[in-house]
Number of protein chains: 2
Amino acid sequence: MVSAEKPDLRERTRQAVRAQLMAVAWDLFVEQGYDATTVDEIAAAVGMSQRSFFRYFGSKEDVVLVKFEAVGVMLADELARRPVSEDVWTALRRSFDGIVETSERDPRYGLLVLRITDRAPVLRARRLEQQTHWQELLAPLVATRLDPPATDADHDPRPAALAAAALACLNVANAAWLDSDGTESLRRLLDDAMRAVHPGAF
Amino acid sequence: MVSAEKPDLRERTRQAVRAQLMAVAWDLFVEQGYDATTVDEIAAAVGMSQRSFFRYFGSKEDVVLVKFEAVGVMLADELARRPVSEDVWTALRRSFDGIVETSERDPRYGLLVLRITDRAPVLRARRLEQQTHWQELLAPLVATRLDPPATDADHDPRPAALAAAALACLNVANAAWLDSDGTESLRRLLDDAMRAVHPGAF
DNA sequence: CCTAACTTGTCAGTCACTGACAAGCCCATC
DNA sequence: GATGGGCTTGTCAGTGACTGACAAGTTAGG
């Protein structure tokens, strides 16, 4: 027996194929645009049939959206790591620091991702939906920091509202940043946005 | 000459056909679900070809989404009507009063709309995107109420952030309301949500 | 070596959507 | 009241995303 240290060889090759598909697809999207790229092309570019592509990704959109799944988890991690002394809004703002820093270290990738998802209406819409998943990850963590703590945890809209509002700010800041083509500082845009919505924090 | 009092007979019949398509489509969606209803069915139900359906609506989704376009305009109207003495957040909250009151007068329609758009992932996503249009309508009105007024109107993220955050609260409240099947008060949910995000207003 | 599990390609079909074309309709003008 | 142009409509053909079914090949484990 090999024990379960490696989560199965099959699973690893599967992930490798997925990664390769993502890479190839991404290149094509950048080159000729999301809409102008067909699934057949992507599949052909890695030498597989269209049918098999759909065995790795549920849809063409998924190839792009998978990139965002990880971000949600990362945000939740960072939020969980914030000191309890910090008020909710500040903690939310700080949990975005990872994104901000990435944007400062190398803006190109972030701008590219935003640009691609912005041009294709389907992706623009789906990205927003994806954020409701982020919101679901963040809300329970927000709940633990509520000023007047929640009594009826399940029906209290406040945690979700705070998470959703913070993400809305992130969106606005991202949009403005993309609009400026990376000229403006994402950090400044985000600070301004979040301070306007919830004055008195950080 | 008939003068331009009636915006053209052709345009009116066109609107009538659109309305009929929307009504028929809506019934089918309610009956058998959005995904399970094909455009062919809708077209057949009003006695026209599929091709003609697409001459009235750009996509199947549009039949549903058109319902939301009007809401955005309504919100902007109500926001514009708020007294200048009111602070931004309160004004935004008040501009949602129309929606709240509708939900209290007859919750069934609102719940139905939310339920349908919630079940079909495509619609869920598109509805969120639609809200960025609302946001674009609201932002300039918000800008006129900024506490420290905007200097560089175009690159100031604050108006968009406030509008987006308020809409995020509306979303969360709507979701919770739908979740409770109309049991909870949308007004209360919305008040709680918006107060949590921006304490000290209304 | 052999079998069961898994992957793959092929094929056929559905559905949303689009361009092109031809036939019919409405209406103003001659 | 015939005629010509504008508008709407159906039909047809085609594309692209996606899915189910099946058969063939590959792989892992006994």
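Below, read A as the first sequence line, B as the second, and so on, with proteins coming before strands; counting in each chain starts at 1.
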Original post:
When we call it a touch if two heavy atoms are under 4.0 Å apart, what does B:Ser49 touch: a base, just sugar-phosphate, or nothing?
Top reply: base

Subject >> Contact pattern, 5' to 3', of nucleotides 11-22 of chain C - B, S or - by protein heavy atom under 4.0 Å >> reply: ----SSBBBB--

**OP:** Kindly write out the residues that satisfy side-chain contact (heavy atoms from CB on, under 4.5 Å) with A:Val46, not counting sequence neighbours, or none if the list is empty.
**Re:** A:Gln20, A:Leu21, A:Val24, A:Met48

Original post:
What residues, two or more places apart in sequence or in another chain, satisfy side chain to side chain donor-acceptor pair (under 3.5 Å) together with B:Arg108?
Top reply: B:Asp106

Subject >> Protein-nucleotide distance (B:Met48, atom CE; D:dC7, atom C1'), rounded to Å >> reply: 14 Å

Original post:
Taking only residues two or more places apart in sequence, or in another chain, which ones meet A:Ser103 in a side chain to side chain donor-acceptor pair (under 3.5 Å)?
Top reply: none

Original post:
If you measure from the Lys or Arg side-chain nitrogens to the Asp or Glu carboxylate oxygens, is any gap between A:Asp192 and A:Arg188 under 4.0 Å?
Top reply: yes

**OP:** Check each residue of residues 13-30 of chain A for a non-hydrogen atom within less than 4.0 Å of any atom in DNA chain C, then write out the ones that pass by number, or none.
**Re:** none

Original post:
According to the salt bridge (Lys or Arg N to Asp or Glu O under 4.0 Å) rule, which pairs have a member within residues 40-68 of chain B, sequence neighbours left out?
Top reply: B:Glu61-B:Arg126

Original post:
Residues in side-chain contact (heavy atoms from CB on, under 4.5 Å) with A:Pro199, at least two apart?
Top reply: B:His198

Original post:
What integer distance in Å separates A:Arg10:CZ from D:dT26:P?
Top reply: 14 Å

Subject >> By side-chain contact (heavy atoms from CB on, under 4.5 Å) - contacts of B:Ala168 (at least two apart) >> reply: A:Ala164, A:Ala168

Original post:
Quick one: side chain to side chain donor-acceptor pair (under 3.5 Å) partners of B:Glu86, sequence neighbours excluded?
Top reply: B:Arg82

